[in-house]
Amino acid sequence: MSRTGRSGSHRSKKKRITLALAPVAALGLAVPLMYSAGAATPDEVATDCRTDSDKLENCEFVPVQNKANSLGPNERVTSVTDNCGVSTPATKSFSGTASVTRTIQLENGFSVDGSTKLGNSFFEVGLQFSTSEINIKRDDTTSSFSFTRSDTVKADHIAFFMWSHKRTDVSGFLRATYKEAQDGQKVFFSPSEGATNVHVFYPQLLKSGTPDGRLWLRNVQCGTPQADGILKNQNSVRAEPGFGEGGANVNDVEIPLSEISPE
């Protein structure tokens, strides 16, 4: 009997200890919630960095990972030559311009210019990834080359030149240091420390300083939805498939940049 009593008393003490600790644990949970309530949110940090807010002491881009030789958007860089209804191939002259610039993508879709503290950080980060093998464009000016050449348009096809620039994709996060502490903290991150949501695309350049990338002649069979859509919207910006990805009605031929004589 006495043994049973002691056992019951022991369980009671455990219960009382648990109850006594519960309010302390709850208070401990409340502290970080109160701590972060007035802190800068990731979106606010991104906005302050983008606009070079007076509240900032500094803002920098912290790289986490990088990928060289990735390809940028697929762009149509010449006008469309129409050889529809003709049963023989035709040699046509094409003139176009391919251009590149450094591109910055914050997680909220905005970019920044080079005059901000953050813009200078992007330039400095670019220095880390410019090597003797890969020359990248670090600033936000544009590099381009223009060309004129004759190529064959297939029978009953339309044709034009496509371009996709070669780039180094550096991804990471923003680290902002505020002049005044918020809840005892001056350093905040966007979207979070160690994240890879912010991308900086540094175009890769040839030794001549002209953009590096893939240039190709695209022939599209007339009377197909692809050709009809292009002919109706020649002057509009369209999302075009990549090299070799156009399907059965599309023929792509890559033109080595060594064959291009920039004007």
Side-chain angles (χ1 to χ4, degrees), residues 20-73 99-131 134-143 165-205 237 239:
L21 289 175
V24 177
L27 180 60
L29 290 172
V31 169
L33 294 176
M34 292 170 61
Y35 181 80
S36 62
T41 66
D43 284 346
E44 288 171 343
V45 170
T47 299
D48 288 342
C49 286
R50 177 175 57 85
T51 59
D52 209 18
S53 171
D54 290 339
K55 296 182 294 183
L56 289 177
E57 181 179 299
N58 191 31
C59 187
E60 58 186 319
F61 170 64
V62 182
V64 175
Q65 61 188 25
N66 72 92
K67 178 183 178 183
N69 298 319
S70 65
L71 290 172
S99 63
V100 297
T101 187
R102 184 189 65 188
T103 304
I104 301 163
Q105 291 182 355
L106 302 186
E107 78 284 351
N108 55 10
F110 289 98
S111 186
V112 296
D113 61 43
S115 64
T116 65
K117 299 182 186 72
L118 185 56
N120 186 56
S121 175
F122 289 133
F123 183 87
E124 292 175 351
V125 167
L127 290 172
Q128 303 175 31
F129 298 96
S130 187
T131 66
I134 298 177
N135 180 31
I136 64 174
K137 185 152 195 61
R138 299 183 299 277
D139 60 28
D140 56 3
T141 58
T142 299
S143 291
H165 70 270
K166 197 176 286 186
R167 62 192 185 180
T168 295
D169 175 6
V170 183
S171 57
F173 60 95
L174 305 182
R175 179 168 60 203
T177 303
Y178 284 80
K179 295 176 182 177
E180 302 294 334
Q182 303 181 57
D183 291 341
Q185 183 178 350
K186 291 182 68 175
V187 179
F188 295 90
F189 306 100
S190 177
S192 61
E193 187 173 11
T196 56
N197 299 53
V198 178
H199 290 262
V200 189
F201 298 106
Y202 294 97
Q204 295 177 195
L205 304 175
V237 178

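Values below: all heavy atoms of this structure, side chains included; hydrogens, waters and symmetry mates excluded.
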Reported CG-to-OG1 distance for the pair N58 and T177, which is rounded to 0.5 angstrom = 6.0 Å
For the residue pair D169 and F129, establish whether any side-chain heavy-atom pair is separated by less than 4.5 Å.
-> no
Nearest heavy atoms of A195 and P191, plus distance in Å | CB-CG, 3.7 Å
Should the heavy atoms of other residues, nucleotides or ligands under 6.0 Å from NZ of K186 be counted, would the total exceed 12?
-> yes
side-chain contact (heavy atoms from CB on, under 4.5 Å) between V45 and Y178, worked out | CA-CA 10 Å; V45 170; Y178 284 80; 3.8 Å; yes
Between K137 and S143, which heavy-atom pair has the shortest distance, and what is it?
-> CE-OG, 3.2 Å
Looking only at heavy atoms, the pair that brings S190 and A46 closest together is OG-CB, 3.7 Å
Are Q105 and F201 side-chain neighbours, meaning at least one heavy-atom pair lies under 4.5 Å?
-> yes
With sequence neighbours left out, write down each residue that passes side chain to side chain donor-acceptor pair (under 3.5 Å) with E124, or none if nothing qualifies.
-> N120
Across all chains, not counting sequence neighbours, the salt bridge (charged side-chain N to carboxylate O under 4.0 Å, His left out) partners of R175 are E60
Where do T51 and T47 come nearest, in terms of heavy atoms and distance?
-> OG1-O, 2.8 Å
Side chain to side chain donor-acceptor pair (under 3.5 Å) with K117: which residues, sequence neighbours excluded?
-> D52
Is there a side-chain contact between L56 and C49 (heavy atoms, below 4.5 Å)?
-> yes
Quick one: pull up CZ in F188 and CG in L174 and give me the separation to the nearest 0.5 Å.
-> 14.0 Å
Nearest-0.5 Å distance, CD of residue E57 to CD of residue E180 = 10.0 Å
Using salt bridge (charged side-chain N to carboxylate O under 4.0 Å, His left out) as the criterion, list what pairs up with K179, not counting sequence neighbours.
-> none
Can a donor-acceptor pair be found between the side chains of T141 and D139 at a distance below 3.5 Å?
-> yes
Under a 4.5 Å cut-off applied to non-hydrogen side-chain atoms, are L118 and I104 in contact?
-> no
Considering all heavy atoms of both residues, which atom of F61 and which atom of V125 are nearest to each other, and what is their separation?
-> O-CG2, 3.6 Å
Partners passing side chain to side chain donor-acceptor pair (under 3.5 Å) against N66 (at least two apart in sequence or in another chain) | none
Residues Q182 and A40: closest non-hydrogen pair is OE1-N, 3.6 Å
Side chain to side chain donor-acceptor pair (under 3.5 Å) filter on T168, not counting sequence neighbours, yields Q204
Heavy-atom side-chain proximity of D140 to F122 below 4.5 angstrom | no
Can you label the angle between the F173 ring and the F189 ring as parallel, tilted or perpendicular, going by 30° and 60°?
-> perpendicular
Pairwise distance OG(S70) to CZ(R167) - rounded to 0.5 angstrom = 5.0 Å
Between atom OG of S130 and atom CG of N135, what is the distance when rounded to the nearest 0.5 Å?
-> 4.5 Å
Would you check if R102 and P203 make a side-chain contact, meaning some heavy-atom pair closer than 4.5 Å?
-> yes
Interatomic distance, CG@L106 vs CG@D43, rounded to 0.5 Å, equals 10.5 Å
